Number of protein chains: 2
Amino acid sequence: MTRPTVNDIAREAGVSLATVDRVLNARPGVRPKTANAVNEAIIRLGYVRDMAAANLARSRSYRMVALLPDGDSQFVQTLADALSDAASLAAATRLELDLRRYPPEDMHVLSAILSGLQPEDVAGVALMAPETPVIRDAVRALRGRGIPLVALGSDLPNTGRDHFVGIDSHAAGRTAGVLMGRFCRGLSGRVMVIADSMLLRDSIERRRGFDEVLLTDFPGLDVMPTLETHGSADLLRRAVGECLAATPDVVGLYLLGSGHRALAALLRERGLLGRFVVIGHELTPHTRQALLAGHLDAVIAQNPGHLARSALRVLRAKADRIAIDEGQEQLRIEVVIRENLPSEPHENHQSDAA
Amino acid sequence: MTRPTVNDIAREAGVSLATVDRVLNARPGVRPKTANAVNEAIIRLGYVRDMAAANLARSRSYRMVALLPDGDSQFVQTLADALSDAASLAAATRLELDLRRYPPEDMHVLSAILSGLQPEDVAGVALMAPETPVIRDAVRALRGRGIPLVALGSDLPNTGRDHFVGIDSHAAGRTAGVLMGRFCRGLSGRVMVIADSMLLRDSIERRRGFDEVLLTDFPGLDVMPTLETHGSADLLRRAVGECLAATPDVVGLYLLGSGHRALAALLRERGLLGRFVVIGHELTPHTRQALLAGHLDAVIAQNPGHLARSALRVLRAKADRIAIDEGQEQLRIEVVIRENLPSEPHENHQSDAA
DNA sequence: ACATTTTTGAGGTACGTTCCTCAGTTTTTG
DNA sequence: CAAAAACTGAGGAACGTACCTCAAAAATGT
């Protein structure tokens, strides 16, 4: 009827509570034979440890740190909000999040922050950062100190990070490529690709996936070299403006990163809005607006809420040395068009976690 | 430093623990003035109730019932699996799920099951069922007894259900319509629509959204009357076969419900695989396979894992009479193509809930 | 059979909250 | 202004688990 407890196990296995406790928490001093008896009782009764009670008794609290680059990127801002929200929900289960921003121009600052984190203060770190040698070393040292770390949004494959929370950029680029190809059905011409910087792993991988698909499946479309904007609206106007003037047969635009507002302004000035198929990444207020207005045909996105919750769940599991549920942590590559645009998220209220 | 507890609030507000407890749990017998003082202290200290401890003390366990139609629908089967998984994760937070299937041919059986549920045994019900008068009455009676109910997958708008967990079918149909229209760019011709039954609310709404979009935005495409298969592969073969023979200018197929395998078989026989743009709903082993093989161009899906978790979260919140986090419960209309197909979910292991 | 080591049992306190009782205090009402 | 009603305080038991101590029992080596 009611859920079995540790006492039930003790009775069922014919041992004392203390012994059950030793087995459950892998404490030493139990003969294998006795341990077996206990484990069998556990299975027989279908015992599931009450994590709530366990954490309460442990009076453990999970102090996590999230590190995001500073700056005015809307995606990062949205992600920061999602992390705060997720953390305030998880607060009911004794998790607290220290959300910090670091100056993106100097990786030594971030490195210093990472070096300052000690296992007694921090149960886990979620980090969104490019993989530079400095960062790689800092992450390795952090993990050497026993602090779990998940890479957030952008992977850090050669650092031994515990987990990557984010989508596969290559597959995301392929998805963008297929949509571009299919939306341009019957057309032939050139596709412009606009990126913030091609030094970022994500941009490179997206571009690679995109090219692959267009090359093999859509031979009528010709992908042009990447225009880099370095996050500057002016640079985008200039570069894209010149390129459009010089290339009459552009049929599609692929925005690897930011710059949606500047692009829309440019196209509006020239009366070209709606002339091309435009595909971008990440759902932000700007891209949302562009989708609604019809300037943008599709967005390939990862859900910031899922990113945030997944990161915290994984960190907690790592802190508890528990296996993670791979299925739940697998993030989807979302395709967003005007018709399936989720309604604007509004104010968040406090609520139950779990 | 450490998290504030009820005792801290009592001290801060200058009242006793008992009073704080009365305020926190909305028990009667506290003057508004005193309650205010307590609430202010709560805000001042940034107190967050430790749900783990609270549930422990309440020694409450949430016994939920999920009712799904029986039969071999792959989507329902996937959803049932997702519910089991979600429940086994939530078991650590004292939730148990009683997952039942009812015979879809006789709504009186389901009605009887619903009538048999009593508030002392059941903390909430998740129901996937068509809205018939019999069901409507049974649901109203259930809610009259004080048992929260969420509609799962398919809404029951006129029953006073507490919440609908699922996607907007009309918007899903519109999404399908846009994809059909854009994937058929440059073509003109007719689009076949195949449904299990047009008596189901979902089918009607999807169809309506689909038609809307094609009519206004893609005038070159002509939507044909719906072919109904009633879940029968034979009927599908016959009806679709005849229709294809009689209609040479078909460019697209829209499958509102099931029948992907039968359709693929038929098209293969006639050497028509890949000839049309095919769009369907829900990600199941069949549609997954069809996407990979290239017979199916896009699937409009709702994530069964999210459905399941959302349903359980909402039911728990209702049982606790807590507000739900609308943002988190909003389900996305997913667009799945071959390139963003999530990898096959494999075995699930037990793990911590969050 | 003895000493030694290892394993087991019994019992306690703690975690933060809920929920109960009962006595004492304040406020409202007639 | 007294009686009634409403409110408040103090304390304790309980939820299921973790973790500690100390003593008793069992297994081990000689």
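Every chain is numbered from 1, with letters handed out A, B, ... down the list of sequences. Quick caveat: nothing in here was measured; it's all calculated off a predicted structure.
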Study note, to complete from the structure: The salt bridge (Lys or Arg N to Asp or Glu O under 4.0 Å) partners of A:D121 (sequence neighbours excluded) come to none
Revision key, fill the gap. The salt bridge (Lys or Arg N to Asp or Glu O under 4.0 Å) partners of A:R143 (sequence neighbours excluded) come to A:D162
Practice item. Look up atom CG in A:L315 and atom CG in A:L95, then write down how far apart they are to the nearest 0.5 Å. Key: 8.5 Å
I'd like a table of atom pairs between the protein and nucleotides 28-30 of chain C - only N or O on both sides, under 3.5 Å - with the distance next to each one.
none

Point to revise | Pair B:T159-B:E131, side-chain hydrogen bond (donor to acceptor under 3.5 Å, both in side chains): steps then yes or no | key: CA-CA 9 Å; B:T159 58; B:E131 187 178 27; 5.2 Å; no
Check your understanding: Any side-chain N or O of B:T19 under 4.0 Å from OP1/OP2 of D:dG9?
Key -> yes
Distances for protein N/O vs nucleotides 14-17 of chain D N/O pairs under 3.5 angstrom?
from   : atom 1 : to    : atom 2 : distance (Å)
D:dC15 : O2     : B:L56 : O      : 3.3
D:dC15 : O2     : B:A57 : N      : 3.0
D:dG16 : N2     : A:A53 : O      : 3.4
D:dT17 : OP1    : A:Y47 : OH     : 2.5
D:dT17 : OP1    : A:D50 : N      : 3.4
D:dT17 : OP2    : A:V6  : N      : 2.8

Exercise for review: Dump the intermediate steps for side-chain hydrogen bond (donor to acceptor under 3.5 Å, both in side chains) on B:N25 and B:R49, then the final yes or no.
Suggested key: CA-CA 11 Å; B:N25 296 292; B:R49 189 208 234 96; 2.9 Å; yes
Point to revise | Partner set under side chain to side chain contact (heavy atoms under 4.5 Å, CB included) for A:A13, not counting sequence neighbours | key: A:V15, A:V38, A:A41
Study note, to complete from the structure: Rounded to whole Å, CZ of A:R22 lies from C1' of D:dT21 at a distance of 11 Å
Check your understanding: Rounded to the nearest 0.5 Å, how far does NZ of B:K318 lie from CG of B:L149?
Key -> 11.5 Å
Review point. Sequence neighbours excluded, which residues qualify as salt bridge (Lys or Arg N to Asp or Glu O under 4.0 Å) partners of A:D81?
Key: none
Point to revise | Any residue of residues 8-15 of chain B with a heavy atom less than 4.0 Å from an atom of DNA chain D | key: B:G14, B:V15
Review point. Sequence neighbours excluded, which residues qualify as salt bridge (Lys or Arg N to Asp or Glu O under 4.0 Å) partners of A:D98?
Key: A:R100
Point to revise | Partners meeting side chain to side chain contact (heavy atoms under 4.5 Å, CB included) with A:A308 (sequence neighbours left out) | key: A:A82, A:L83, A:A86
Study note, to complete from the structure: salt bridge (Lys or Arg N to Asp or Glu O under 4.0 Å) pairs touching residues 149-160 of chain B, sequence neighbours excluded, are B:D155-B:R161
Study note, to complete from the structure: Rounded to the nearest 0.5 Å, the CG atom of B:L312 sits from the CG atom of B:L152 at a distance of 9.0 Å
Exercise for review: Would you mind listing every salt bridge (Lys or Arg N to Asp or Glu O under 4.0 Å) that reaches into residues 22-36 of chain A, with sequence neighbours excluded?
Suggested key: A:D21-A:R27
Review point. So which of residues 27-40 of chain A are in contact with DNA chain D, with a heavy-atom cut-off of under 4.0 Å?
Key: A:R27, A:R31
